[in-house]
Amino acid sequence: MKKDWIRTLLVEPIALRQPVVLQRKKLDAVPLYCVPLAYSSALVLVALYTDFQLDGYQVVRLRDISGIQADARTHFHERILAAEQVQPLMVSPDLSIADFPSLLAELYARDIPVIVQSDSGGILLGPIAKAGKNKLRVRYIDAEGRADTEVTRIAYEDIASVCFGTRYLDMVTRYATFSDTEDPEDPDTPDETETPEDAREPENPHAMGPMDAAQEADAETADAGTPDGETTHRLAQEKLRVEAARLAALWKGRT
């Protein structure tokens, strides 16, 4: 019943290209000012605008929408967008929005980077490395413009929204630094069908920020205890003994 109610509220804004505010309270997401363009049984496609200019698209789950509003601000935005002839540019792109796997497969085929938000609030920004059967793989780009050498997997069922075509996303992807990465088509690469625990990866390790692979490798090497590490440890112990003897001598001289 809720989905039918949301679809009913979407009909007029879609027909008239009217700005609205989408509320997604279950996700604790900020209100989304946008222009709805189309919907399916599961997803809603909206146009985004920044400084009253078209600035990409976002696809959200229909079930997450808790309300659709038009207020004084959206009416003012509508007047500006109409006067500046921006509304005619807000047309639905030729992409499937039947579900996230279909949408992301088409974006991958067209080499379009994405910003993916998970249910937990994690963000993945970067080019799609592979749109698999059950999971999406993304080359995550951090805030310093460095792309991870390994892909990050996220299950389609855990995706809350997908954003693409924004100026920010296009610029970040264009100027990011990319280095060699694993081949997502390599059959030896762990895939969705594998079940061993050692073949599984976190669904989204970037929910709290990217992990530095170099630091992780250094930590593992230190824990393993190489011969160089043992020599360094002995030298440190010897220095401590010498320093202790020196301090003891000084203390004895004072007493």
Side-chain angles (χ1 to χ4, degrees), residues 22-34 42-46 48 50 55-66 97 99-108 112-173 175-179 181-182 184 189-192 194 197-217 219:
L22 293 188
Q23 303 283 352
R24 292 182 295 161
K25 293 182 179 179
K26 285 183 62 177
L27 297 176
D28 196 25
V30 297
L32 179 61
Y33 283 80
C34 60
L43 304 175
V44 178
L45 169 69
V46 303
L48 305 175
T50 303
D55 192 19
Y57 305 89
Q58 188 165 348
V59 179
V60 302
R61 292 182 302 202
L62 190 66
R63 73 170 192 248
D64 292 333
I65 299 176
S66 56
I97 59 169
D99 49 40
F100 280 133
S102 301
L103 170 68
L104 291 161
E106 293 191 21
L107 292 174
Y108 171 58
I112 298 176
V114 294
I115 300 175
V116 177
Q117 180 184 9
S118 70
D119 279 325
S120 62
I123 298 293
L124 278 177
L125 182 156
I128 299 174
K130 182 180 179 181
K133 181 179 179 181
N134 299 310
K135 296 180 181 179
L136 179 73
R137 300 180 184 183
V138 176
R139 288 285 304 277
Y140 176 80
I141 301 174
D142 66 20
E144 296 179 4
R146 298 172 301 190
D148 281 358
T149 56
E150 295 185 357
V151 299
T152 298
R153 295 172 173 84
I154 181 171
Y156 293 122
E157 63 186 11
D158 295 332
I159 295 177
S161 71
V162 174
C163 184
F164 60 94
T166 70
R167 288 190 291 276
Y168 175 83
L169 177 58
D170 290 344
M171 290 296 102
V172 168
T173 307
Y175 292 102
T177 301
F178 290 86
S179 54
T181 183
E182 65 178 14
T189 300
D191 205 345
E192 296 86 354
E194 296 185 342
E197 292 298 329
D198 58 355
R200 296 179 183 175
E201 295 184 14
E203 295 302 323
N204 184 357
H206 300 292
M208 298 302 292
M211 178 181 294
D212 189 333
Q215 291 180 356
E216 185 181 13

[atom1]/[X] to [atom2]/[Y] distance, rounded to the nearest 0.5 angstrom?
X    : Y    : atom1 : atom2 : result
Q117 : L124 : CD    : CG    : 11.0 Å
S120 : I154 : OG    : CD1   : 7.0 Å
Y33  : L22  : OH    : CG    : 11.0 Å
L107 : F100 : CG    : CZ    : 10.5 Å
I97  : E106 : CD1   : CD    : 10.5 Å

Would you confirm whether [X], through its side chain, and [Y], through its main-chain N or O, come within 3.5 Å as a donor-acceptor pair?
X    : Y    : value
R139 : D148 : yes
S66  : Q23  : yes
T152 : Y140 : no
Y108 : G132 : no

Which atom of A105 lies closest to which atom of A131, heavy atoms considered
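Here A105 and A131 meet closest at CA-CB, 3.9 Å.
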L48 vs C163, side chain to side chain contact (heavy atoms under 4.5 Å, CB included): CA-CA, chis, key distance, verdict
CA-CA 9 Å; L48 305 175; C163 184; 3.8 Å; yes
Run the side-chain donor-acceptor check on residues 164-173: report pairs under 3.5 Å with partners two or more places apart or on a different chain.
residue, atom, partner, partner atom, Å
T166, OG1, L169, N, 3.1
R167, NH1, L54, O, 3.3
T173, OG1, L169, O, 2.8

Kindly write out the residues that satisfy side chain to side chain contact (heavy atoms under 4.5 Å, CB included) with D64, not counting sequence neighbours, or none if the list is empty.
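Partners of D64 by the side chain to side chain contact (heavy atoms under 4.5 Å, CB included) criterion, ordered by chain and then number, come out as R24, L27, R61, A160.
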Could you walk me through whether L104 and Y156 satisfy the side chain to side chain contact (heavy atoms under 4.5 Å, CB included) test, starting with their C-alpha distance in whole Å, then the side-chain angles of each, then the deciding distance to 0.1 Å, before giving a yes or no?
CA-CA 9 Å; L104 291 161; Y156 293 122; 3.7 Å; yes
